[in-house]
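As C-alpha cells, the structure follows; a few thoughts come after it.
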Amino acid sequence: MAYWLVKSEPASWSWAMMVEAGAAGTAWTGVRNHVAKKHLAAMLVGDHAFFYHSNEGKEIVGIVEVIAPYAADPTDESGRFGKVDVRALHAVPRPVTLADIRDEPGCAEMVLVNNSRMSVQPVRSQEWAIVCRLGKLII
DNA sequence: GCCAACGTTGGC
DNA sequence: GCCAACGTTGGC
C-alpha cells in the first residue's frame, strides 16, 4: 500500500466534515497543479493518506482511505484534472504539527517540509511511521 | 497582513 | 521557446 498526504484548509473542508461524510466519503476535487494531479492519479483504492489542515492548525489531524480510483474531476471545465474519492479512517489522537515534523530528522525529506505548496504528495513508509508515532496512532 | 515560492499566462 | 507579469498558496 502506498502512503500520501492531502491538504485542506479547514475553513473550506475540515476533518470534522470529512468524518461527517462517513463511509460514503467525498470526492477530492479541485486539484489544479500537474504534479499534484500526477500523485492523485497514482493513488490506488485502499491507499492511505494523512489529512493535513493548512493555514489554520498546520497539523495532521486524521487518516483517510482512498475508496474510488482516479477519474475526471467534474469541477474542472478544462477536463485536464482528476479526482479520487476518500473517506475518514482514523482521527489522530494527538495532532502532529508542521513544527513537530520539522523537528524530526527522519522527516527532513518530506515534501510537506520542502514544498509547502504541494497539496497532494507522497509519503515514505518511514515518514508515515514517524508521524503515526508522534500522533499516538497505533495502526 | 506580509511575503516568498512557485505555477500559469501571454506577449514577443 | 523565453521570460516578465501576475495570481495563488500557505507559512510566519
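Every chain is numbered from 1 and lettered A, B, ... according to where its sequence line falls, protein lines coming before strand lines. The basis for the numbers below is simple: all heavy atoms, side chains too, and nothing from hydrogens, waters or symmetry mates.
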Residues that [X] engages under ring-ring contact (aromatic ring centres under 6.0 Å, His included), provided they are two or more places apart:
| X | result |
| --- | --- |
| A/F81 | A/H34 |
| A/Y52 | none |
| A/W128 | A/Y3, A/F50 |

Salt-bridge present ([X], [Y]; N to O < 4.0 Å):
| X | Y | answer |
| --- | --- | --- |
| A/K58 | A/D100 | no |
| A/R94 | A/E59 | no |
| A/D85 | A/K83 | yes |

All N/O pairs under 3.5 Å across the protein-nucleotides 1-5 of chain C interface:
none

Students should find that the hydrophobic cluster of A/L40, defined by side-chain heavy atoms under 4.5 Å apart, otherwise consists of A/W4, A/V6, A/W13, A/W15, A/M17, A/M18, A/V19, A/W28, A/V31, A/M43, A/F51, A/V61, A/V64, A/V66, A/Y70, A/V84, A/V86, A/V120
Using a 4.0 Å heavy-atom cut-off, write out nucleotides 6-12 of chain C from 5' to 3' as B (base contacted by protein), S (sugar-phosphate only) or - (no contact). -BBBBBB
